[in-house]
Protein chains: 2
Amino acid sequence: MAVSGFDAQRDRLLEGLHGHALAYSELGRQFGAALGLHVTEANALIEILGAQDRGLALTQSALAQRVGLTAGATSSLISRLEAAGHIRRVRDTTDRRVVTVHANASVDARLHEFFDPLVERLSAVLSRYPPDLLAECDRLLTEVGATMNDYSREQR
Amino acid sequence: MAVSGFDAQRDRLLEGLHGHALAYSELGRQFGAALGLHVTEANALIEILGAQDRGLALTQSALAQRVGLTAGATSSLISRLEAAGHIRRVRDTTDRRVVTVHANASVDARLHEFFDPLVERLSAVLSRYPPDLLAECDRLLTEVGATMNDYSREQR
DNA sequence: CCCAAATAGTTACACGGTCAAACTATCAAG
DNA sequence: CTTGATAGTTTGACCGTGTAACTATTTGGG
């Protein structure tokens with residue numbers, strides 16, 4: 001009984017996470033469509049902007065890993081985003097082999113315009129939960145994510 | 001102080017979910033590579049198998065929506081998976097316009113072979129949390145997912 | 001009952017995103 | 001200094017995808 005109840009609960013949780021991944025994917029497509037971008041281009045731009053909002057600059061190889069492309073395809077993708085005026089390449093000064101990718105302010109504004117209303121709503125949802133529960137969920141998600149990433153690394 | 005602490009917590013949670021979506025995406029790519037499939041093909045197959053494991057059969061249009069392709073591209077994709085021997089089309093009897101997609105047992109076995117070890121590990125992680133916390137996280141995730149899907153629907 | 005509109009899926013074609021391989025540039029270690 | 005490793009670029013071929021036109025089926029109204 002307890003085992004079977006746990007299994008059902010686990011499956012519900014994993015299914016909820018899967019549903020979120022699909023929703024995330026769809027929102028990325030929609031954001032990209034608004035800028036006339038292909039799926040992978042949109043995903044890349046979101047990654048670049050997300051990193052930038054946290055004060056980090058992605059290298060090309062970091063970006064390649066996050067969007068699941070080879071170096072060649074990523075270079076090509078960056079060129080397209082650069083040609084569209086959304087980003088620019090910057091050669092790193094400490095290691096001249098490395099390129100970092102920087103998004104323009106106008107496209108950052110577009111990202112916020114698209115996602116900020118959603119974040120407001122999610123804030124409203126989350127504010128109805130007690131802070132210690134949020135912290136526990138955060139911890140659980142971090143552990144789940146780390147477990148998945150470890151497993152993924154082992155399959156390479 | 002409380003507002004700023006909440007915002008940081010909210011952002012950590014959203015970042016955790018984003019990390020999960022990326023990990024999920026990467027695992028899908030790896031599963032697909034093991035079967036010689038392209039990214040979208042792998043995603044589609046996982047959706048078909050996931051539904052089937054829950055006793056449901058996806059229609060082509062449901063699949064199209066889940067993987068974010070047009071009807072034409074989805075039909076083409078299904079043809080390729082069918083040609084590879086992974087699935088078959090079944091015309092629905094109650095509405096002859098509708099096709100449902102059924103995966104073969106051998107590919108279902110491959111999915112479990114790939115993902116079951118990960119599910120075991122995730123079980124171990126989750127079993128260290130109290131059942132009422134799991135239920136609360138489940139509820140939180142469901143609400144977050146529903147909010148995202150509602151927002152997404154509004155952007156169409 | 002009939003017809004028109006709506007719905008679900010198929011087909012064909014052109015475009016362009018991606019991989020793989022070969023390449024250039026740079027760094028690190030011996 | 002040389003060699004091997006690392007990061008990114010370029011090129012060409014392949015094939016996945018969107019679009020538009022189409023076929024088949026269902027639904028609703030007159």
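Letters A, B, ... are given to chains in the order of the sequence lines, protein chains preceding strands, and every chain is numbered from 1. Since the model is a prediction, treat every value here as computed from it, not as a measurement.
The number of heavy atoms from other shown groups lying within 6.0 Å of CD (A:Q65) does not exceed 12.
Applying the ring-ring contact (aromatic ring centres under 6.0 Å, His included) criterion to A:Y129, with sequence neighbours excluded, gives no partner residue. Scored by the ring-ring contact (aromatic ring centres under 6.0 Å, His included) test, A:H18 finds B:Y24 as partners (sequence neighbours excluded). In this structure, the side chain to side chain contact (heavy atoms under 4.5 Å, CB included) partners of A:T147, at least two apart in sequence or on a different chain, are B:L118, B:R121, B:L122, B:V125. For the ring-ring contact (aromatic ring centres under 6.0 Å, His included) test, residues two or more places apart in sequence or in another chain that qualify with B:F31 are B:F114, B:F115. Taking the side chain to side chain contact (heavy atoms under 4.5 Å, CB included) definition, one finds that B:D11 meets it with nothing, sequence neighbours left out. Applying the ring-ring contact (aromatic ring centres under 6.0 Å, His included) rule to B:H86 yields no partners; only residues at least two apart in sequence or on another chain are considered. Listed by chain and residue number, A:E47 satisfy the salt bridge (Lys or Arg N to Asp or Glu O under 4.0 Å) test with A:R66 (two or more places apart in sequence, or in another chain).
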(message) Applying salt bridge (Lys or Arg N to Asp or Glu O under 4.0 Å) to A:E15 and A:R12, what does each step give before you reach the verdict?
(response) CA-CA 5 Å; A:E15 194 52 42; A:R12 274 196 300 272; over 6 Å; no

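We find that B:R153 and A:E26 are not joined by a salt bridge, their nearest charged nitrogen and carboxylate oxygen being 4.0 Å or further apart.
Put simply, CZ on A:R91 is 7 Å from P on C:dT26, counting in whole angstrom units. Rounded to whole Å, the distance from CZ on A:R96 to P on C:dA28 is 14 Å. With rounding to whole Å, B:E41 atom CD is found 14 Å from C:dT18 atom P. For the pair B:Q60 CD and C:dA8 P, the computed distance is 11 Å after rounding to whole Å. If you take CG of B:L63 and P of C:dG9, they are 10 Å apart, rounded to a whole angstrom.
Donor-acceptor pairing under 3.5 Å is recorded for the side chains of B:T94 and B:D92.
Remark: B:A71, B:G72, B:S75 in residues 66-87 of chain B come within less than 4.0 Å of DNA chain C through at least one heavy atom. Applying a 4.0 Å cut-off to non-hydrogen atoms, none of the residues of residues 26-40 of chain A approaches DNA chain D.
Residues B:V107 and B:I87 form no side-chain contact, since every pair of their non-hydrogen atoms from C-beta on lies 4.5 Å or further apart.
Of all nucleotides in DNA chain D having an atom under 4.0 Å from a heavy atom of chain B, the first and last in 5' to 3' order are D:dG16 to D:dT26.
Summary for the helix from C:dC1-D:dG30 to C:dG30-D:dC1: the axes at its two ends, each from 5 pairs, differ by 30° when rounded to the nearest 10 degrees.
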Scan the side chains in residues 32-46 of chain A for donor-acceptor partners under 3.5 Å anywhere in the protein, sequence neighbours excluded, and list what turns up.
unit_1	atom_1	unit_2	atom_2	d
A:H38	ND1	A:T40	N	3.3
A:E41	OE1	A:H38	N	2.7
A:E41	OE2	A:R80	NE	2.6
A:E41	OE2	A:R80	NH2	3.3

